[in-house]
Structures are given as C-alpha cells and as structure tokens.
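Take a look at the structure below.
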Amino acid sequence: QVQLVESGGGLVQAGDSLRLSCAVSGGTFSAYAVAWFRQAPGKEREFVVAISWRGGSTTYAESVEGRFTISRDNAKNMVYLQMNSLKPEDTAVYYCAADPLGGGGRAKASYNYWGQGTQVTVSS
C-alpha cells in the first residue's frame, strides 16, 4: 500500500521560506508523478505544482511560479517543495499526492494517493 507523509509546515512571516517534504513508501515511487496541492479554509483544494516521474518536467500554478520549487529524490523516495517569498495568501494545508500511472498534471482526479497534509501559516 502506498503511503505519503508530509512534514515541514509551520508558522512563518511574510517573506520567509519553508521547505516541505513528502516521504513516499510502498509501490514503485520512481514511476509516479507527484504533485502538491493546497487547501485554504473555506476553499477548494487547488493545484500547486507537479513533477514528472523522472523529475525532468514540472508544472506550476501561476500563483506560485518563481517562488516555489519542486524537486524529488527517487533514491530516497522523497519529494520536496521549497517555498520562498511566502505570502499570507499561501496559508493552507499542503497535501502531497502521487499518480502511479505517471501522467500527473493539474487535476486532483489524476492522483490516487494522498498524504494527510501539513499546515502552512503565513502571517503578515
């Protein structure tokens, strides 16, 4: 069974940085596309960024492009989200998700496996 566990969230001030981590166990991690989504209170869960199974292709939401960077280490079964220049509107629960078919993309429905989420709060 595939499990994803996020970590690294916290409370920071606007302009600060955070790095989220997602540990993936079970299955063939190196074949999965992986993405980060986020959900703010009262809002729909939204796409943040995705990375292909080899890591050669990334797709970012316009709201985070240039500030966030996704990376993966297939040897360690880890995915990372480096978040710089954080804004109060980045406040949300951040979820890691995996697509075992490797297609990835922006749609939540593409991802079969999800973590429990980690809270990121950015104060102004």
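For the numbers below, each heavy atom of this structure counts, side chains included, while hydrogens, waters and symmetry mates do not.
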With distance as the sole test, does Q82 use its side chain to make a donor-acceptor pair with the main-chain N or O of T69 at under 3.5 Å? no
Other than V5, what residues sit in its cluster of Ile, Leu, Val, Met, Phe, Trp and Tyr side chains whose heavy atoms are under 4.5 Å apart, directly or through others? none
Any pair with a residue in residues 81-115 that passes disulfide (SG to SG under 2.5 Å), sequence neighbours left out, goes on the list, sorted by first then second residue, please. C22-C96
R106 to A61 - nearest heavy-atom pair and separation: NH1-CA, 4.0 Å
Look up atom NZ in K108 and atom CH2 in W114, then write down how far apart they are to the nearest 0.5 Å. 7.0 Å
Among side-chain atoms of D99 and S110, is any donor-acceptor pair under 3.5 angstrom? no
Closest non-hydrogen contact found for A98 with Y32 is CB-CD1, 4.0 Å
How long is the gap from OG on S25 to OH on Y113, to the nearest 0.5 Å? 11.5 Å
Checking T121 against Q119: is there a side-chain donor and acceptor pair closer than 3.5 Å? yes
Could you walk me through whether E46 and Q39 pass the side-chain contact (heavy atoms from CB on, under 4.5 Å) check? CA-CA 6 Å; E46 65 174 5; Q39 188 166 17; over 6 Å; no
Minimum heavy-atom distance N84-S17, with the two atoms named: OD1-OG, 2.9 Å
Would a distance-only check, ignoring hydrogens and angles, find a side-chain to backbone donor-acceptor pair under 3.5 Å from S52 to A33? no
Report the C-alpha distance between E62 and Y60 in whole Å, list the side-chain angles of each, state the deciding distance to 0.1 Å, and finish with yes or no for side-chain contact (heavy atoms from CB on, under 4.5 Å). CA-CA 6 Å; E62 187 175 323; Y60 290 87; over 6 Å; no
Test of understanding: with side-chain hydrogen bond (donor to acceptor under 3.5 Å, both in side chains), list the residues that count as partners of S85, not counting sequence neighbours. none
Any idea which heavy atoms bring F29 and N74 closest together, and the distance? CE2-OD1, 3.1 Å
Rounded to the nearest 0.5 Å, what separates atom CG in L18 from atom CG in L81? 9.5 Å
With ILVMFWY side chains joined below 4.5 Å, transitively, what does W53's cluster contain besides itself? none
Kindly assign one of parallel, tilted or perpendicular to the pair Y111 and F37, based on the angle between their ring planes and the thresholds 30° and 60°. perpendicular
Side-chain heavy-atom pair F68, V48 within 4.5 angstrom cut-off: yes
Can V120 and L20 be said to form a side-chain contact (heavy atoms from CB on, under 4.5 Å), step by step? CA-CA 9 Å; V120 172; L20 304 184; 4.0 Å; yes
Between the OG atom in S124 and the NZ atom in K87, the distance rounded to the nearest 0.5 Å is 14.0 Å
dist S123:OG -> D16:CG (nearest 0.5 Å) comes out at 8.0 Å
Under the side-chain hydrogen bond (donor to acceptor under 3.5 Å, both in side chains) test, residues paired with Y94 that sit two or more places apart: R38
Note: G115 and Y95 closest approach over all heavy atoms is O-CD2, 3.6 Å
Find out if a path of hydrophobic residues (ILVMFWY) with successive side-chain heavy-atom gaps under 4.5 Å connects V64 to V12. yes
So, for W36 and F47, is the gap between ring centers shorter than 6.0 Å? no
Is there a path of hydrophobic side-chain contacts, each under 4.5 Å between heavy atoms, that joins V79 and V2? yes
Does any non-hydrogen side-chain atom of M78 lie less than 4.5 Å from one of S21? yes
Heavy-atom closest pair, residues A40 and A92: N-CB, 3.8 Å
What pairs meet the salt bridge (Lys or Arg N to Asp or Glu O under 4.0 Å) rule with one or both residues in residues 67-77, with sequence neighbours excluded? R67-D90
